[in-house]
Amino acid sequence: MSMIATITPLVTDPVMIFFIVLVIILLAPILLNRLKIPHIIGMIVAGVAIGPYGIGLLSRDASFEIFGQVGILYLMFLAGIEIDMYHLKKNMSKGLTFGLYTFIVPMVLGTLTSVWMLGYSWLTAILLASMYASHTLIAYPIVSRLGLNKSPAVIITIAGTIVTVLGALIVLAAIVGIWEDGEFSALGLLALLGRLVAYCLVIVYLFPRLTRWFFKRYSEPVTQFIYVLAMVFLASYSAKAIGLESVLGAFYAGLVLNRYIPNMSPLMNRIEFVGNAIFIPYFLIGVGMLINVNVVVSSWQTLYVAAVMSVVATLCKWLAAWLTQLTYRMSSLDRSMIFGLSNAQAAATLAAVMIGFRMGIFNEDVLNGTIVMILVTCAISSIITERAATRMRVAMLSDDTGAPDAATRRGPSNMLISVSNPVTASSLVDFAVLMYNPSRESRLYALNIITDDTPGHRAIGRTCLEQAQQAAAAMDLRIEPIERFDLNVTAGLVNTIKERDVSEVIIGMHRKATVIDSFFGSKIEQLIKSTSKMVLIARCFIPVNAVTRIVVVVPPKAEYETGFARWVNSLGRLTRQIGCRIIFCCNADTRRCVRGVLMRDRFEIRSEYRDVEGWDDFVLLANHILDDDLFVVVNARRSSVSFSSSMDELPMFLQKYFSRNNLVVIYPEQFGARENVPSAIDPLASDFTATPSSLWVRIASFYRRMIILRKRFTQRNRVKKIDL
């Protein structure tokens, strides 16, 4: 059988070809969703029907070759870029175990069945078994659509995929070497492994530095999208050039670039949209075009080989999932998810069978049987994954209903973003969305306040709101624009906060090294005094996704504030989206409360803690905060529990030592019903509701200034370091 039919297709016009493909992509989900069948199967079946071995409507021309190859690379890249690195490290040992199971079981069982049931030689049987061992994550879009990327079963399967595909490729290289040279070449295998190690080291060293440099200088989403695609195909081609499969390079590029593409970002939205809308469906339709049903059913030998291959491949993957379940005492639902995702055969299987057929290792029966096996395993994979993912999603929602998250306990979290500059409006919205908790009750507002009713000022304000709307729409979020006329900016903000029941306010900070009135500006200081809601003042000189660390300085007694849990949750969401590590500089009591909130609200992030003796010590951090860090200072209002007189020096210190750093200053919410903060020590054991008198504040401020002067004098002869 030829892989591409020689008959003349009915349609040859490029425009009509693309139209037919788009109609299939459009109608397959609509029609098959009613039948409760995964639309992935529909696209493969549609490829069979319209392909050269069906009605001959289209031929598998260069467009399907190119788009199909791009589609499989895109599929593996999405699997790498959407995986949660924290969960990957957490489940890495389980993934490696599953990878060994799903490689060894098919190799042993596949080799024996090929020799005993099909009568092939041991060399052919081993190569055929390596085809059973490899698999392709065809059903991954189903998991991604239902938001199960962080499920342990999904992560275990993805990690195991790399192990088994790599093992299959090594077996393929060894078999080809034996077939050509007549003997096994250990030197050639070691050379391949050496090239693999060198490839991984070059990619992991070069790609992050290039990406951070590029993202700092070019923040336009389309430009970043093109750059990411270029890196993916560079990694894929490099992997193929050294003798590996290109899908491994695409997946590895996704893992390396994972850190710089947050899930809630315009760039991620564009990547997922383009792949799921065009490239991946093209790949599935192209797979269907390879299947020649007439040839398969015309010969009993071909039908027998295809049946044996399909049954053995499916049985091996089920046994590997079952062994993984027994080893780690997982649920039957996790086993179904692992089996469903790992059962499909496509990319590496096609590569192996084509190489074996061209070299004469495989005959036409194996070639035709492989195509049938691809159809059968892809269908089983899609159906099993769809059912398991649906049940897993229902179970996840049931757990969330039984144990509501922090946002549900506190009520709706409405976020207000003040935009006044068209240049920074989009970046401010991007930053705010990374901390936003989208829920059914929450709302996102963009506010522009007009104090001068002139056409020029109104035009600037509307441009700001349009930029904010476009930035939110790029992430599939709806932001409600508010254009408000008021006497001054502070009054407009305060009135909007009350009218819209806003719980969080985000304001951009100036980017000047020095200011005339104060570091924050008189408008922000007025706002802090006029509202008790949480206020975040943000300034980033680089894109947020290029941040390497988040360093947070927390004052003593911050855990007693009403909004303590809210700002910890906001920083937890920001850290989880960016994928970096967060360092809390605080005392032991505050550290216990921060850990309690992160554990209670299930923020599985890389959090570290550094002991800080007093509030003054954050000045010593100036030499340790890098240009790629995000420095967060948790401040306090004068009437709050955690306020100390030394905070009066904060604007001066920030202006002097951190004028060129990425900076966020948080004023936690004050007053209102305080949420119970989990900790080893109950913060409510003492009453701290009384506000200190002005006389006491002045005395404490004078005493504190004397202590600061004494510390500065003694620090001339000794160096005090805080190791970050």
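- The closest side-chain heavy-atom distance from Met330 to Ile156 is below 4.5 Å.
- Side chains of Thr97 and Thr324 form no contact here, defined as non-hydrogen atoms less than 4.5 Å apart.
- The side-chain heavy atoms of Tyr132 and Val312, taken from C-beta on, include a pair separated by under 4.5 Å.
- Annotation: the span from Ser121 atom OG to Leu127 atom CG amounts to 9.5 Å, rounded to 0.5 Å.
- When all heavy atoms of Ala125 and Ser114 are compared, the pair lying nearest together is CB-CB, 3.6 Å.
- Here the closest non-hydrogen pair linking Ile280 and Gly71 is CG1-O, 3.9 Å.
- Under the 4.5 Å side-chain criterion, counting only non-hydrogen atoms from C-beta, Leu109 is in contact with Leu319.
- The shortest non-hydrogen separation linking Ala321 to Ile338 is CB-CG2, 3.9 Å.
- In this structure, Trp322 and Trp318 have side chains that are in contact, with non-hydrogen atoms separated by less than 4.5 Å.
- Taking all atoms of both residues into account, the shortest heavy-atom contact from Gly249 to Ala235 is O-CB, 3.6 Å.
- Under the rule for a side chain to side chain contact (heavy atoms under 4.5 Å, CB included), the partners of Phe19 that lie at least two apart in sequence or sit in another chain are Met16, Val23.
- How far CG of Leu27 is from CD1 of Ile24: 8.5 Å, rounded to the nearest 0.5 Å.
- Within the 3.5 Å criterion, the main-chain N or O of Cys200 finds a donor-acceptor partner in the side chain of Tyr252.
- A donor-acceptor pair is defined here as one N or O able to donate and one able to accept, closer than 3.5 Å; such a pair exists between the side chain of Thr370 and the backbone of Val366.
- In this structure, Ile155 and Pro152 have side chains that are not in contact, with every pair of non-hydrogen atoms separated by 4.5 Å or more.
- At least one donor-acceptor pair closer than 3.5 Å links the side chain of Asn276 to the backbone N or O of Glu272.
- Under a 3.5 Å cut-off, the side chain of Ser381 and the backbone N or O of Gly340 do form a donor-acceptor pair.
- The ring pair (Phe, Tyr, Trp, His ring centres under 6.0 Å) check on Phe64 picks up Tyr282, with sequence neighbours excluded.
- Looking at heavy atoms from C-beta onward, Phe98 lies out of side-chain contact with Leu323 at the 4.5 angstrom threshold.
- Taking every heavy atom of both residues into account, Ala253 and Met231 meet most closely at CB-O, 4.5 Å.
- The side chain to side chain contact (heavy atoms under 4.5 Å, CB included) search around Trp116 returns Leu112, not counting sequence neighbours.
- There is no side-chain donor-acceptor pair under 3.5 Å between Ser265 and Gln577.
- Rounded to the nearest 0.5 Å, atoms CG (Leu257) and OH (Tyr227) are 6.5 Å apart.
- For Phe279, the ring pair (Phe, Tyr, Trp, His ring centres under 6.0 Å) test picks out Phe67, Tyr74, with sequence neighbours left out.
- Looking at heavy atoms from C-beta onward, Ile50 lies in side-chain contact with Met289 at the 4.5 angstrom threshold.
- When all heavy atoms of Thr385 and Leu341 are compared, the closest pair comes out as OG1-N, 3.4 Å.
- A distance-only check finds no donor-acceptor pair linking the side chain of Arg393 to the backbone of Ala388 [under 3.5 Å].
- Checked by atom type and distance alone, the side chain of Thr102 never pairs as donor or acceptor with a backbone atom of Gly99 at under 3.5 Å.
- Within a 6.0 Å sphere centred on CZ of Arg270, heavy atoms belonging to other residues, nucleotides or ligands number more than 12.
- Pairs passing the side-chain hydrogen bond (donor to acceptor under 3.5 Å, both in side chains) check and including a residue from residues 160-178, sequence neighbours excluded, read His135-Thr161.
- The side-chain hydrogen bond (donor to acceptor under 3.5 Å, both in side chains) contacts involving residues 330-340 comprise Gln325-Arg335, Ser331-Asp334, where partners must be two or more places apart or lie in separate chains.
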